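Taking it in order: structure first as structure tokens, then the write-up.
Nothing here was measured: the structure is a model prediction, and the numbers come from that model.
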Amino acid sequence: MWESREASPTTVPKLSTKNGLVYLYTREINEDIPKKAVAWYLTAIDYKTGETKFKIFTGTGRRWNNSYAPITIGPNGTVYVGVFNGVIAVKDTNIDKE
């Protein structure tokens with residue numbers, strides 16, 4: 001059992017059984033910036049250890065909020081997340097490695 005401190009308020013985690021990563025769409029609030037700017041990330045966590053493996057910055061502000069849209073993993077390893085700004089597509093280059 002493990003615990004993660006990643007803040008994933010608006011999506012259900014998605015597990016890739018092929019690479020053992022749990023994908024989240026996470027946010028970080030920078031209290032030092034006026035209006036508390038929110039930065040959004042595609043984050044991957046090792047499902048066995050809970051260790052954050054990587055975070056990919058996707059954007060800052062309200063337009064990058066996924067508003068509960070799901071994470072979808074395509075057959076070629078591309079991770080898709082719908083946001084107010086459109087659709088984010090991120091290719092995980094580790095998914096093809098076993």
Side-chain angles (χ1 to χ4, degrees):
M1 179 177 281
W2 51 263
E3 182 177 310
S4 173
R5 297 194 183 269
E6 297 293 347
S8 181
T10 63
T11 192
V12 175
K14 183 75 68 158
L15 170 65
S16 169
T17 56
K18 189 167 185 177
N19 67 4
L21 295 176
V22 177
Y23 292 93
L24 306 168
Y25 195 63
T26 60
R27 71 178 183 182
E28 294 179 5
I29 300 173
N30 187 335
E31 301 287 343
D32 297 327
I33 297 174
K35 297 185 181 179
K36 299 180 181 176
V38 177
W40 295 92
Y41 298 85
L42 177 68
T43 303
I45 297 174
D46 184 297
Y47 87 100
K48 289 183 181 177
T49 67
E51 175 189 358
T52 298
K53 291 296 190 177
F54 63 81
K55 294 177 90 162
I56 299 171
F57 174 74
T58 59
T60 301
R62 194 171 22 208
R63 293 174 44 153
W64 297 94
N65 184 339
N66 69 323
S67 190
Y68 303 98
I71 294 171
T72 302
I73 303 172
N76 68 348
T78 302
V79 177
Y80 300 93
V81 181
V83 297
F84 289 143
N85 215 28
V87 176
I88 297 167
V90 178
K91 172 73 170 137
D92 179 0
T93 57
N94 292 316
I95 202 163
D96 297 323
K97 299 176 184 173
E98 302 244 359

Residues 65-75, side-chain donor-acceptor partners within the protein, below 3.5 Å, at least two apart:
{"from": "N65", "atom 1": "OD1", "to": "S67", "atom 2": "N", "distance (Å)": "2.7"}
{"from": "N66", "atom 1": "OD1", "to": "T10", "atom 2": "OG1", "distance (Å)": "2.2"}
{"from": "N66", "atom 1": "ND2", "to": "T10", "atom 2": "O", "distance (Å)": "3.2"}
{"from": "N66", "atom 1": "ND2", "to": "A69", "atom 2": "O", "distance (Å)": "3.0"}

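Of the inter-residue distances, the one linking R27 atom CZ with W40 atom CH2 reads 5.0 Å to the nearest 0.5 angstrom. Between the NZ atom of K53 and the OG1 atom of T43 there is a distance of 14.0 Å, given to the nearest 0.5 Å. The distance from atom OG1 of T60 to atom CD of E28, rounded to the nearest 0.5 Å, is 10.0 Å. In this structure, CD1 on I88 lies 4.0 Å from OG1 on T58, to the nearest 0.5 angstrom. We find the CD-CG distance between E51 and D46 to be 6.5 Å, quoted to the nearest 0.5 Å.
Both L21 and I56 are part of a single hydrophobic cluster, where members link through side-chain heavy atoms under 4.5 Å apart. Cluster annotation: L42 and W64 are assigned to the same hydrophobic cluster (Ile/Leu/Val/Met/Phe/Trp/Tyr, side-chain heavy-atom contacts under 4.5 Å, transitive).
K55 is listed as a side-chain neighbour of T26, based on a closest heavy-atom distance under 4.5 Å. Y25 places a side-chain heavy atom less than 4.5 Å from the side chain of V83. The side-chain heavy atoms of I45 and L24, taken from C-beta on, include a pair separated by under 4.5 Å.
By the 30° and 60° cut-offs, the orientation of the rings of F57 relative to Y41 is perpendicular.
The backbone N or O of Y47 sits less than 3.5 Å from a side-chain atom of W2, completing a donor-acceptor pair. Judged by distance alone, the side chain of S4 and the main-chain N or O of E6 form a donor-acceptor pair under 3.5 Å.
In plain terms, the two heavy atoms of A89 and T78 that are nearest each other are CB-CG2, 3.9 Å.
Applying side-chain contact (heavy atoms from CB on, under 4.5 Å) to Y23 and the options V81, V79, V90 leaves one that passes, V79.
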